[in-house]
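Numbers here simply count residues along the sequence, with the first being 1. The basis for the numbers below is simple: all heavy atoms, side chains too, and nothing from hydrogens, waters or symmetry mates.
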Amino acid sequence: MNVLTEGVELSHADLALLAELAKGVTVDRVGRRLDISGRTVRRRLRGICDRIGVATAIEAVAWAARRQLI
């Protein structure tokens, strides 16, 4: 299932990734927790940033937090 906010669709996996980053977990550790590589985490994060129109992971986390998605 996906979440649609302001015309942007994020999957629950995307939100789980952002939630882990919001806790201060490193990208490599997020990958281990989600059973994917750190490189895949970075690629997915870049896709999330592109979809929501922000430049950095920190901005993506803030965007999701402001909308109470994480």
Check your understanding: Can you name the residues that form a side chain to side chain contact (heavy atoms under 4.5 Å, CB included) with A65, not counting sequence neighbours?
Key -> I70
**Study point:** By side-chain hydrogen bond (donor to acceptor under 3.5 Å, both in side chains) - contacts of R33 (at least two apart)
**Key:** E20
Exercise for review: Using salt bridge (Lys or Arg N to Asp or Glu O under 4.0 Å) as the criterion, list what pairs up with R39, not counting sequence neighbours.
Suggested key: none
Check your understanding: Does some side-chain heavy atom of I36 sit less than 4.5 Å from a side-chain heavy atom of V30?
Key -> no
Check your understanding: Considering residues at least two apart in sequence or located in another chain, which fulfil the side-chain hydrogen bond (donor to acceptor under 3.5 Å, both in side chains) criterion with R32?
Key -> none
Exercise for review: Report yes if the side chains of W63 and L69 come closer than 4.5 Å at any heavy-atom pair, otherwise no.
Suggested key: yes
Point to revise | Nearest-0.5 Å distance that lies between atom CG in L17 and atom CG in L45 | key: 6.0 Å
Exercise for review: Just jot down the side-chain hydrogen bond (donor to acceptor under 3.5 Å, both in side chains) partners of R51, sequence neighbours excluded, or say none.
Suggested key: D14
Review point. Can R66 and V61 be said to form a side-chain contact (heavy atoms from CB on, under 4.5 Å), step by step?
Key: CA-CA 9 Å; R66 280 194 304 269; V61 168; over 6 Å; no
Exercise for review: First locate atom CG of L18, then atom CZ of R44, and finally report the distance between them rounded to the nearest 0.5 Å.
Suggested key: 9.0 Å
Review point. At their closest point, which heavy atom of L21 faces which heavy atom of A57, and how far apart are they?
Key: CD1-CB, 4.5 Å
Exercise for review: With sequence neighbours left out, write down each residue that passes side-chain hydrogen bond (donor to acceptor under 3.5 Å, both in side chains) with T26, or none if nothing qualifies.
Suggested key: none
Practice item. Output the distance between atom CZ (R43) and atom CD1 (I48), rounded to the nearest 0.5 Å. Key: 10.5 Å
